[in-house]
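In the text below, chain A, chain B and the rest are named by the order of the sequence lines, each starting its count at 1. Basis for what follows: all heavy atoms, side chains included, without hydrogens, waters or symmetry-related copies.
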Amino acid sequence: MINLEAIRHSLSHVLAEAVQKLYPDAKLGFGPAIDNGFYYDFDIKDKIGTEELEKIQSAMKKIIKNKVKRFNHETMPIDEAIKLYSDKGEIYKVELIEELKAKGETEVSIYRQESWSDICKGPHIEKMGDIPKNCWKLDRVAGAYWRGDEKNKMLTRIYGLAFESLEALEEYIKMREEAQARDHRKLGKELELFMFSDLVGKGLPMLLPKGATMRRVLERFVIDEEIRRGYEHVITPVLGKVDLYKASGHWDHYQDSMYNPIDIEGEQFVLRPMTCPHHFEMYKGKPHSYNDLPRRFAEVSPLFRFEKSGELSGLIRLRNFTLADAHIVCTIEQLKDEFKAVLELLKYIMDTLGISDKVWFRASLRDDTKDKYVDNPKMWEFSEKLLIDILDDLGWKYEVALGEAAFYGPKLDIQIKNVNGKDDTIITNQIDLVLAERFDMEFTDRDGQKKRPVIIHRSSIGCLERTIAFLIEHYAGAFPFWIAPVQVKLLSISEKLNDYAEEVYNKMFDAGIRVEKDVRDEKLGKKIREGRLMRIPYLAILGYDEKESGKITLRNRDTGEQASYSVDEAIDKMILMDRKKSNTLII
RNA sequence: GCCGUUGUAGCUCAGUCGGUAGAGCGCAUCCUUGGUAAGGAUGAGGUCACCGGUUCAAUUCCGGUCAAUGGCUCCA
């Protein structure tokens, strides 16, 4: 049986040996197996580019050629190991061994391939000959901070792909290429959904008419649904005084993600990175009784967050984005039911968008060892337990992520994988027992006493831009009828049918269907091709027969089948489909 | 921000081992009035991302900047 992990791990050692052969000064960092191969980090003076990568790959092949060369497992007293690696100048390895020693270890495990060796737990294959032929290749070079900490030196990381066979490797590479075909950035351009401009600025997306239509559809959907569920929709400014964020604590905890203040007549304003303080001020605009609670302030809220240039990515990471945001102010007794209701709304939205199968839940809790969190252990204990209880009550599966909480409370995140296989948060909700205190929010309880409410921060459909990105990738641009920016396109087979196209167009347009017409002097085949490339749910063919019978022939995007309907019947069915938000085309 | 890669027409891309550029699609005009994934012809369109340097000559070589992208950090 092939132990893939051992192969990957062994290849990382081969990589390290090859690099140190070519660059004797290179110092070793970490070199683990990962889920598509392996990497090794080096502290290396020379620039490693594509050419160097090829040389390293050749050097690796030379090492592997010696099929009988073995990976021998040895152990060594820990002080001897420290001396050995100190003598070699392997400062990073020494750091690791010192740490093992501090933990009470007395010896270390070493794998040796003849003259080259590395401290390592294993497992490894026995000998070079156990590496399947051509099952691996070096992939790319990247920078990576020592121990993943920005404050440390950046090392050179070399990634390699490795699988159990050449076929598996080729399959993986092919899969990766195919995934790129549904990349929202590529489809966004092809389907004319959004664009960026250097003059406007990076991370600042512009939704083109079709993208804006999609966003409007999602926005209306979510606003209507929220209002139905007792939310009050509000509109607040995208700027706020610095003092507002000092009051909320964001100025202390979140300043790295905020833009520099703007001076207006001597007062300092910032572009808002979140909406909560605005909503809190709104809550405080009048006194509240327990009878008024919960109050659920919702807003489709443009936000501005500073992201380092290298962190931007299509519509997924932006500097200006729009969050379907809300803040629920309620009593602590109401908290559990309110949070459950939020989760039920989320489930409904995921189901409606058709992405329930793709998402998973993450309980993001505090990590005691980090100091970014509000210091109130009792509060944390209560809110984290509450979150877990709610999830367990609902019977939802979730994973726990320590250190992913907000500074003021635990989060329930909804996670999704993008086309490159990376996890992203699509929606996040927080339980907050802190900010009501900071903003001095209160309500009068039935006993006449002033009390503190608690707050739920939640999103419903996430950031519209990011959600749109995932929808593009999930559907590969072939959106459900109710989301599709263009729902039907009318294709006249000749200019002589253009008057009929105009007539049908007006009927559909008046019925609220998102309809386009193609009345150019082009062949039908060409119009169909272009309509299909745009993934339009229905192409309606208008020829002499159709005109005569007052019908249209609809071609179904998903099945490729086509059938004729009277215009009124087609409109009725389309209105129904739109209203039901169905993911299948019913005619 | 850092490490690597990339930047040629609106789009997708070719090309120039240094002598200022091409294709297809798109666009405009004309012909064609055509029934299921590209009908034909003609034409317009490029400071080869930007700024410097080397050179008789730079889109090509070198340096810097900007932007995109794969990682790292961060994150909705």
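Comment: A:R147 engages A:E99 in a salt bridge, judged by a side-chain N to carboxylate O separation of less than 4.0 angstrom. A salt bridge links A:E516 with A:K210: the distance from a Lys NZ or Arg NE/NH1/NH2 to an Asp or Glu carboxylate oxygen falls below 4.0 Å.
More than 12 heavy atoms of other residues, nucleotides or ligands sit less than 6.0 Å from atom NZ of A:K358.
For a distance-only test at 3.5 Å, the side chain of A:E307 qualifies as a donor-acceptor partner of the base of B:rA76. The base of B:rG35 is paired with the side chain of A:E546 by a donor and an acceptor separated by under 3.5 Å. Judged by distance alone with a 3.5 Å cut-off, no donor-acceptor contact links the side chain of A:Y159 to the base of B:rG4. One can find a donor-acceptor pair under 3.5 Å joining the base of B:rC75 and the side-chain atoms of A:R317.
Between A:T275 and A:E299, the side chains place no donor N or O within less than 3.5 Å of an acceptor N or O (distance only, hydrogens not considered). Defined by atom type and a distance below 3.5 Å, a donor-acceptor pair is present between the side-chain atoms of A:Y159 and A:R157. Residues A:E225 and A:S460 bring no donor and acceptor atom of their side chains to less than 3.5 Å of each other.
Looking at heavy-atom distances under 4.0 Å, A:G525 makes contact with sugar-phosphate atoms alone, never a base. Using a 4.0 Å heavy-atom criterion, one finds that A:R305 contacts the bases of the nucleic acid, with or without backbone contacts as well.
Taking every side-chain heavy atom of A:Q562 into account, B:rU36 is the closest of B:rU36, B:rG1, B:rU5. Listed nucleotides: B:rA76, B:rC3, B:rG26. Nearest to the side chain of A:T425: B:rA76. When the nucleotides B:rG1, B:rA76, B:rU36 are ranked by their closest atom to the side chain of A:L318, B:rA76 comes out on top. Candidate nucleotides B:rC3, B:rG34, B:rC75 were compared by shortest atom distance to the side chain of A:K523, and B:rG34 ranks first.
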RNA chain B base-pair string [pairs: Watson-Crick or G-U under 3.5 Å; |: paired with another strand]
(((((((..((((.....[..)))).(((((.......))))).....(((((..]....))))))))))))....
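Neither OP1 nor OP2 of B:rG4 sits under 4.0 Å from any side-chain N or O of A:R157.
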